[in-house]
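This chain uses plain numbering: 1 for the first residue, then up along the sequence. Treat the numbers as computed from the prediction; the structure is a model and nothing was measured. Note: hydrogens, waters and symmetry copies are ignored here, and every other heavy atom, side chains too, is used.
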Amino acid sequence: MSSDNIIKCLIIGSGPAGYTAGIYAARADLKPIMYTGMQPGGQLTITTEVENYPGYPKGTQGPEMMEDFKAQAERFGTDIRFGYVNKVDFSGPIHKVWVDETTELHAHTVIIATGASAKWLGLPSEQRLNGFGVSACAVCDGFFFKGQDVAIVGAGDTAAEEATYLAKLCKKVYMIVRRGEMRASKAMQNRVLNTPNIEVLWDSETEEILGEKGVSGARIKNLKTGEVKNINVTGFFVAIGHTPNTAIFKDWIDMDEQGYIKAVPGTSKTNVKGVFAVGDAADKVYRQAVTAAGTGCMGALDAERYLAEIGIH
Ligand code: NDP
């Protein structure tokens, strides 16, 4: 492959991080090519109202916001292509990437913006009411349930943190925990247990989320006693963990035990020169559209500096 065919900047993934990387990389004349993955726009395309993204004072819809991001990336020349990257080889200075198992691409820099996927319980009612009272992000959607009763499933740090967040906004929070103990850190557990309007339902499983056009309740089974009861809630939050979409990089890129990419703190740099990680693929703590967009910008700036260092103009 002649050097003319080597892509200066290849972006994998099309959420807020990927599109922002596209905007910055295109404006810096890196002629970025982006592969969208199977869900162009990423996790925001499965949410409804977004009210916490700066610049949208009246709020916007997640899918529309991603269309805006896309249009802005395209305006400066980002070449956005539908396709799924399924294999990479980062062994040499030129990075190899395969799209849809057939097309082999070569790139000087790669920005990984593949995001993460929320884990779900797998109930049909959860799928049907997703975006209509069912959510995997309390920080994004909790506000819509101000003064109401809600439930949250999970017992890790995220669930504990989100339960206390919801408790400040909502009248009552049921926390549905499948075992007799929580996985969350002791400090987080204590916060939950000391919050008067959180009721922990121990040893409990959700059988069904109730409601037709929106959530009206949930049927909960106590796994110890077998007792089944309905709780009346209008919001149902699932906080049972996320899976970063990073499996194809694991032979090359340093990750933690859950698969989140380890970027050099304060940068988007990975252990491989010329490969940068941005957005939720490298962030298990904040996971917001605005933080993802911020790191997307960092990825493009880091790629630009790296290209200058190796003399690619
Ligand atoms: P975790 O994997 O730590 O916890 C997932 C929780 O969901 C567990 O309690 C698990 O139960 C429960 N769960 C899983 N599947 C089901 C199911 N089908 N039904 C009911 N419950 C289920 O995920 P988190 O998102 O909480 O945290 C991910 C990582 O991020 C952790 O390392 C955490 O410490 C970190 N984090 C740190 C924060 C901070 O420092 N401020 C904030 C948020 C996250 P069980 O325990 O029974 O397996």
Go through the steps for Asn245 and Ser117 under the test side-chain contact (heavy atoms from CB on, under 4.5 Å), then give the verdict.
CA-CA 7 Å; Asn245 304 318; Ser117 305; 3.2 Å; yes
Closer than 3.5 angstrom, by distance alone: can the side chain of Thr206 be matched with the main-chain N or O of Ile220 as a donor-acceptor pair?
no
Side chain to side chain, Ile240 and Trp120, heavy atoms closer than 4.5 Å
no
Output, in order, the C-alpha distance, side-chain angles, deciding distance and verdict of side-chain contact (heavy atoms from CB on, under 4.5 Å) for Tyr19 and Glu74.
CA-CA 9 Å; Tyr19 284 135; Glu74 279 177 328; over 6 Å; no
Mark yes when over 12 heavy atoms from residues, nucleotides or ligands other than Tyr24 sit less than 6.0 Å from its OH; otherwise mark no.
no
Closer than 3.5 angstrom, by distance alone: can the side chain of Asp157 be matched with the main-chain N or O of Ser185 as a donor-acceptor pair?
yes
Shortest non-hydrogen separation from Val278 to Ala17 and the atoms involved
CG2-CB, 3.8 Å
Output for pair (His106 NE2, Asn5 CG), nearest 0.5 Å, gives 9.5 Å
If hydrophobic clusters are built by linking Ile, Leu, Val, Met, Phe, Trp and Tyr wherever their side-chain heavy atoms come under 4.5 Å apart, do Val134 and Val173 end up in the same one?
no
Under 3.5 Å donor-acceptor, Glu126 side chain and Gly122 backbone
yes
I need the minimum non-hydrogen distance between Ala26 and Thr78, along with the two atoms involved.
CB-OG1, 3.5 Å
Please answer whether the main-chain N or O of Leu223 pairs with a side-chain N or O of Asp203 as donor and acceptor at a distance below 3.5 Å.
no
Euclidean distance, Cys170 SG relative to Phe144 CZ, rounded to 0.5 Å
12.0 Å
Arg179 atom CZ, neighbour heavy-atom count above 12 within 6.0 Å
yes
Side chains of Val110 and Val88, heavy atoms from C-beta outward: is any pair under 4.5 Å?
no
Run Asp149 and Tyr174 through side chain to side chain donor-acceptor pair (under 3.5 Å) and show every step you take.
CA-CA 8 Å; Asp149 290 357; Tyr174 293 96; 5.2 Å; no
Tell me if the CZ atom of Phe132 is crowded by more than 12 foreign heavy atoms within 6.0 Å.
no
Does the side chain of Ile111 reach to within under 4.5 Å of the side chain of Ile12, using non-hydrogen atoms?
no
Shared hydrophobic cluster, Ile209 / Val233 (ILVMFWY, side-chain heavy atoms < 4.5 Å)
yes
Hey, could you give me the OG1/CD distance between Thr60 and Glu67, rounded to the nearest 0.5 Å?
11.0 Å
State, to 0.1 Å, how close Met175 and Ala163 come at their nearest heavy-atom pair, and which atoms those are.
SD-CB, 3.9 Å
Hydrogens and angles aside, do Asp302 and Thr267 bring a side-chain donor and acceptor to less than 3.5 Å of each other?
no
Ignoring hydrogens and geometry, is there a side-chain-to-backbone donor-acceptor pair from Thr246 to Gly259 under 3.5 Å?
yes
Looking only at heavy atoms, what is the nearest atom pair of Asn52 and Cys140, with distance?
ND2-CA, 4.1 Å
Tell me, yes or no, whether the heavy-atom count around Gln127 atom CD, taken from other residues, nucleotides or ligands under 6.0 Å, exceeds 12.
no
Is Leu10 close to Pro32 at the side-chain level, that is, under 4.5 Å between some pair of heavy atoms?
no
May I ask you to check whether Ser135 and Asp141 show a side-chain donor-acceptor distance below 3.5 Å?
yes
Does any part of the side chain of Thr109, heavy atoms only, come nearer than 4.5 Å to the side chain of Phe276, both counted from C-beta?
yes
Mind checking whether Thr36 and Ile80 have side chains closer than 4.5 Å, heavy atoms only?
yes
Exactly one of Gln43, Gln258, Lys284, Lys119 should register a side chain to side chain contact (heavy atoms under 4.5 Å, CB included) with His242. Which one does?
Gln43
Do Val200 and Leu166 sit in the same hydrophobic cluster, where Ile, Leu, Val, Met, Phe, Trp and Tyr count as joined when their side-chain heavy atoms come under 4.5 Å apart?
yes
Check whether any side-chain N or O of Gln189 sits under 3.5 Å from a backbone N or O of Met182 as a donor-acceptor pair, and report yes or no.
yes
Determine, using the 4.5 Å side-chain heavy-atom cutoff (strictly less than), whether Leu193 and Val150 are members of one ILVMFWY cluster.
yes
Audit row: Leu105, Ile7, side-chain contact (heavy atoms from CB on, under 4.5 Å) steps and yes/no:
CA-CA 8 Å; Leu105 302 170; Ile7 298 162; 4.0 Å; yes
Min side-chain heavy-atom separation Lys31-Asp29 under 4.5 Å
yes
Between Asp79 and Arg81, is there a side-chain N and carboxylate O pair less than 4.0 Å apart?
yes
So, the side chain of Thr270 versus the backbone of Val275: is there a donor-acceptor pair under 3.5 Å, distance only?
yes
Same apolar cluster: Trp202 and Ile176, side chain cutoff 4.5 Å:
no
Could you tell me which non-hydrogen atom of Glu212 sits nearest to which non-hydrogen atom of Leu129, and how far apart they are?
O-CD2, 3.5 Å
Go through the side-chain N and O atoms of Ser204 and Asn222 and say whether any donor and acceptor fall under 3.5 Å apart.
no
Inspect the surroundings of CZ in Arg219 and state if more than 12 heavy atoms from other residues, nucleotides or ligands are less than 6.0 Å away.
yes
Tell me the closest heavy-atom pair linking Ala218 and Phe236, and the distance in Å.
CB-CE1, 3.9 Å
Between Tyr286 and Asp280: side-chain donor-acceptor atoms closer than 3.5 Å:
no
Is there side-chain contact between Val99 and Tyr84, with heavy atoms separated by less than 4.5 Å?
no
Before accepting this row, confirm whether a basic side-chain N of the pair Glu205/Arg178 lies closer than 4.0 Å to the acidic partner's carboxylate O.
no
Say whether Thr234 and Gln148, considering side chains only, have a donor N or O and an acceptor N or O under 3.5 Å apart.
yes
Would you say Lys8 has more than 12 foreign heavy atoms packed within less than 6.0 Å of its NZ?
yes
With distance as the sole test, does Thr20 use its side chain to make a donor-acceptor pair with the main-chain N or O of Gly296 at under 3.5 Å?
no
Does the ring-ring contact (aromatic ring centres under 6.0 Å, His included) test come out yes or no for Phe237 and Phe145, once each step is laid out?
CA-CA 11 Å; Phe237 292 87; Phe145 304 96; 5.7 Å; yes
Look up atom CZ in Arg191 and atom CG in Asn194, then write down how far apart they are to the nearest 0.5 Å.
10.5 Å
Any side-chain donor paired with an acceptor under 3.5 Å for Asp89 and Ser91?
yes
What is the ring orientation for Phe90 with Phe249, classed by angle as parallel under 30°, tilted 30 to 60°, or perpendicular over 60°?
parallel
Value rounded to 0.5 Å, distance of CD in Gln72 from CD1 in Ile23:
4.0 Å
Mind running side-chain contact (heavy atoms from CB on, under 4.5 Å) on Lys96 and Glu104 for me, showing each step along the way?
CA-CA 7 Å; Lys96 296 181 187 164; Glu104 181 179 332; 3.8 Å; yes
Keeping the roles fixed (side chain from Asp254, backbone from Asn271), state whether a donor-acceptor pair exists under 3.5 Å.
no
Basic-acidic side-chain contact under 4.0 Å: Glu227, Lys221
no
Any chance you could measure Ser268, atom OG, to Leu301, atom CG, to the nearest 0.5 Å?
8.5 Å
